[in-house]
Enquirer: 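Handing you this structure, nothing more for now.
Since the model is a prediction, treat every value here as computed from it, not as a measurement.
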Amino acid sequence: MGPDSSWMFDLTGTVIPIFLALMIGIVAVSAGRGLLQWSRNNSSPLLTVPARIVSKRSEVRQQQLQDENQSSRTSTTYYLTYETVEGVRMEFKVDGNEFGMSAEGDRGVLTYQGTRYHGFQRSVHYSTAD
C-alpha cells in the first residue's frame with residue numbers, strides 16, 4: 001500500500017459518507033418545508049377578497065440537455081401580483097393562459113388559501129369611449 005491508497009480510503013470512508021449525509025439532509029429539509037407549507041395552506045381559510053392586479057412577471061429557465069446535439073430546453077413560470085383594498089400585496093404563480101389574459105390594473109375578486117392561488121374573477125368594465 002502506497003500513500004495513494006491511504007488517501008483513497010479517507011475519501012471513500014469519510015468524505016463520501018459526509019457528502020451523502022448532507023445531500024440527504026438537504027432533500028429532507030426541502031421536503032419538510034413543502035409538507036409544512038401544504039399543511040398550513042390546508043388549515044388556512046379560503047378567502048375571497050376584492051383586489052386588483054398590480055404587476056406581472058415571468059421567469060424563464062434554460063436547462064442544458066445531456067445529448068449528442070448539446071440542445072437546451074426552456075421553461076417559463078408566470079406570476080401575477082395582486083393588491084387587496086387594504087393595501088396587502090400577494091404574488092401567485094399562474095398558468096400561461098391566465099397570465100396572457102390578465103392586465104395590470106384589472107380589478108376583480110381574488111380567491112386564495114394561504115399561499116395557494118384559487119383564481120381571480122375579473123370585473124368587467126365597459127368603456128363609454130368608441
Enquirer: With sequence neighbours excluded, what pairs up with V54 under the side-chain contact (heavy atoms from CB on, under 4.5 Å) test?
Expert: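 With neighbours one apart ignored, the set is R52, T81, E83, R89.
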Enquirer: Check whether S39 reaches the backbone of L35 with its side chain - one donor and one acceptor, N or O, closer than 3.5 Å.
Expert: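 Checking the backbone N and O of L35 against the side chain of S39, no donor-acceptor pair under 3.5 Å is found.
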Enquirer: State whether a side-chain donor-acceptor pair under 3.5 Å links T48 with T111.
Expert: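 There is such a pair between these side chains.
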Enquirer: Tell me whether Y82 is reachable from V88 by hopping between hydrophobic residues (I, L, V, M, F, W, Y) whose side-chain heavy atoms are closer than 4.5 Å.
Expert: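 Linked within one cluster.
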Enquirer: Are a donor atom and an acceptor atom from the side chains of S72 and Q62 found within less than 3.5 Å of each other?
Expert: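 Note: S72 and Q62 side chains meet the donor-acceptor criterion.
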Enquirer: Say you draw a straight line from CD1 of I18 to CE of M23; how long is it, rounded to the nearest 0.5 Å?
Expert: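 Interatomic distance, I18 CD1 to M23 CE, rounded to 0.5 Å: 14.5 Å.
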Enquirer: Are M101 and E98 close enough that some pair of their side-chain heavy atoms sits under 4.5 Å apart?
Expert: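 No, every pair of side-chain atoms sits at 4.5 Å or beyond.
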Enquirer: Tell me, please, which residues at least two apart from F92 pass ring-ring contact (aromatic ring centres under 6.0 Å, His included).
Expert: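 ring-ring contact (aromatic ring centres under 6.0 Å, His included) list for F92, sorted by chain: Y112, Y117.
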Enquirer: Please tell me if the side chains of R107 and R122 come closer than 4.5 Å, counting only heavy atoms from C-beta onward.
Expert: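 No - every pair of side-chain heavy atoms lies 4.5 Å or more apart.
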Enquirer: Is a donor on one side and an acceptor on the other found under 3.5 Å between the side chain of K56 and the backbone of A103?
Expert: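 Between the backbone of A103 and the side chain of K56 there is no qualifying donor-acceptor contact (under 3.5 Å).
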Enquirer: Taking C-beta and beyond as the side chain, do V94 and Y79 meet within less than 4.5 Å on heavy atoms?
Expert: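 No - every pair of side-chain heavy atoms lies 4.5 Å or more apart.
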Enquirer: In Å and rounded to the nearest 0.5 Å, what is the CG to CD1 distance from L80 to I53?
Expert: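 Answer rounded to 0.5 Å: 5.0 Å.
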Enquirer: Could you tell me which non-hydrogen atom of G108 sits nearest to which non-hydrogen atom of F120, and how far apart they are?
Expert: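 Looks like N-CZ, 3.4 Å.
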Enquirer: Tell me if a side-chain donor or acceptor on N41 pairs with a main-chain N or O of T115 at a distance below 3.5 Å.
Expert: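 Present.
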Enquirer: To the nearest 0.5 Å, tell me how far S43 OG sits from Q113 CD.
Expert: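 It is 8.0 Å, given to the nearest 0.5 Å.
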Enquirer: When you compare the side chain of T74 with that of Q63, does any pair of heavy atoms fall below 4.5 Å?
Expert: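 A side-chain contact is absent here, since even the closest heavy-atom pair is not under 4.5 Å.
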Enquirer: If we only count heavy atoms from C-beta on, is the W38 to R116 side-chain gap below 4.5 Å?
Expert: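 Yes. Closest side-chain heavy atoms under 4.5 Å.
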Enquirer: Taking all heavy atoms of L110 and all of M90, pick out the closest pair and write down the distance.
Expert: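 Heavy-atom minimum between the residues: CD2-CE, 3.9 Å.
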Enquirer: What pairs with E86 under salt bridge (charged side-chain N to carboxylate O under 4.0 Å, His left out), at least two apart in sequence or on another chain?
Expert: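 If we apply the salt bridge (charged side-chain N to carboxylate O under 4.0 Å, His left out) test to E86, skipping adjacent residues, there are no hits.
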Enquirer: If we only count heavy atoms from C-beta on, is the R73 to Q64 side-chain gap below 4.5 Å?
Expert: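 Contact flag for R73/Q64 side chains = no.
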